[in-house]
Amino acid sequence: MLVTRVIYRKTNNRKRFLIVDAGMNDLLRPALYGAHHEIVAIVRSSSETEMTDVVGPVCETGDFLARDRELPVVAEGELLRFST
């Protein structure tokens, strides 16, 4: 399992991003060949969900952990768990 913290939320036009403190150097498989890992909010503070990309802090184009994922709405500072 990989636990990471949301450090920033970003919206670019209609696209939403969760920038986390882990990146492709911590979990390379999604960036290399699109591997799908379950993502769970450690503390679910909202019952709402959103379509979002989960990306690392270096580069949004290559440093991603998940693309177009329906996830619970999480705030900056909250934790996410990836099943590896």
Between T11 and R9, a side-chain donor and acceptor under 3.5 Å: no
D63 side-chain N/O to M24 backbone N/O, donor-acceptor pair under 3.5 Å: yes
Neighbour count >12 (heavy atoms, 6.0 Å) for atom CD, E70: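 Result for CD/E70: enclosed.
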Hydrophobic cluster (4.5 angstrom, side-chain heavy atoms) - remaining members for L18: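 Direct or chained contacts put L18 with L2, V6, V20, L27, I39, V54, L65, L71, V74, L80, F82.
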Members sharing M51's hydrophobic cluster (side chains within less than 4.5 Å): none
Point-to-point distance, once rounded to the nearest 0.5 Å, from OG1 of T4 to CD1 of I19: 11.5 Å
Find out whether [X] and [Y] are in side-chain contact, i.e. whether some heavy atom of one side chain is under 4.5 Å from a heavy atom of the other.
X	Y	value
F17	N12	yes
P57	I7	yes
E76	R5	no

V73-Y8 co-clustered via ILVMFWY side chain contacts under 4.5 Å: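 Cluster IDs for V73 and Y8 differ.
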Qualifying residues under salt bridge (Lys or Arg N to Asp or Glu O under 4.0 Å), relative to R16, sequence neighbours excluded: E50
Salt-bridge present (R69, D53; N to O < 4.0 Å):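 No.
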